[in-house]
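Following: one structure in C-alpha cells, then a few remarks.
Because the structure is a prediction, the values reported are computed rather than measured.
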Amino acid sequence: MIGTNVRVGGMMMNQEPKDRGSIKWTSLMLPEHIEMLRNLWKEDERVEQGHMEEQQAAGIDFLLQHAMKGQLPVCIEMDGGVHEVVPLRFHRRSGELECRDIHGGRLLRLSRHEVTDVSM
C-alpha cells in the first residue's frame with residue numbers, strides 16, 4: 001500500500017509513508033554512508049539560511065553604483081544593523097564598500113558580502 005492514491009472530498013491525496021529519510025534507517029547503513037548523509041544535511045541547512053538570489057544581488061549592485069555616481073544617501077541593511085550612508089567607492093580586492101556616515105560624517109568600510117538590502 002506504499003504510494004497509493006486515495007480520493008478525499010473529490011481530491012486525490014497521495015498516501016506516502018511519513019518516515020522516509022528518518023534516522024531509523026541508519027542501522028542498515030555503513031558508517032561512511034551515515035557521515036555522507038550528515039554532510040548533505042549540513043549543506044542543505046547552509047543553502048537554506050542565506051544565499052540571496054542573483055537578481056536581488058544585481059539590484060543591490062545597481063543601487064550602489066547609482067548612489068556612488070550621484071553621491072546619494074542610501075540605507076544599507078546588514079546582519080549587524082542598518083547604516084545610513086553615502087557610498088564613495090568599492091574596493092574590489094577586499095570586497096569592501098567605503099562609505100561616509102550621514103549622521104556622524106565618519107568613514108566606514110562595510111563588507112559587501114554582509115549587505116542584505118539597499119534602499120534609497
Next item on the list: Check the pair L40, M36 against side chain to side chain contact (heavy atoms under 4.5 Å, CB included), reporting the backbone distance first and the verdict last.
Entry: CA-CA 6 Å; L40 279 173; M36 288 172 60; 5.7 Å; no
Margin query: Please determine whether side chain to side chain contact (heavy atoms under 4.5 Å, CB included) holds for the pair H83 and L108, giving the CA-CA distance in whole Å, both sets of side-chain angles, and the decisive distance to 0.1 Å.
Written below: CA-CA 10 Å; H83 301 282; L108 300 173; 4.2 Å; yes
Notebook entry, point to check: How about H91: does its NE2 atom have over 12 heavy atoms from other parts shown lying under 6.0 Å from it?
Noted result: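 Correct, the count exceeds 12.
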Next item on the list: Answer yes or no: does atom CD of Q55 have more than 12 heavy-atom neighbours from other residues, nucleotides or ligands under 6.0 Å?
Entry: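 Atom CD in Q55 is not crowded, with 12 or fewer foreign heavy atoms closer than 6.0 Å.
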Check: CD1/I60 to CD/E77 distance, rounded to the nearest 0.5 angstrom?
Finding: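 Going from CD1 on I60 over to CD on E77, the span is 9.0 Å.
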Next item on the list: To the nearest 0.5 angstrom, please state how far the SG atom of C99 sits from the CG atom of L110.
Entry: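 Answer rounded to 0.5 Å: 4.5 Å.
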Close side-chain approach of [X] and [Y], heavy atoms under 4.5 Å:
X	Y	answer
V86	M68	no
L107	E98	yes
V82	I76	no

Margin query: Test of understanding: with salt bridge (charged side-chain N to carboxylate O under 4.0 Å, His left out), list the residues that count as partners of R109, not counting sequence neighbours.
Written below: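 So R109 forms a salt bridge (charged side-chain N to carboxylate O under 4.0 Å, His left out) with E96.
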Notebook entry, point to check: Within the side chain of R112, is there an N or O that forms a donor-acceptor pair under 3.5 Å with the backbone of L97?
Noted result: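 No: the side chain of R112 does not pair with the backbone of L97.
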Item checked: L72 versus M120, closest heavy-atom pair with distance ->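 Heavy atoms of L72 and M120 come nearest at CD1-CE, 3.5 Å.
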Note to self: For R100 versus G105, what's the shortest heavy-atom pair and its separation?
What the structure shows: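 So the minimum-distance heavy-atom pair works out to NH1-O, 2.9 Å.
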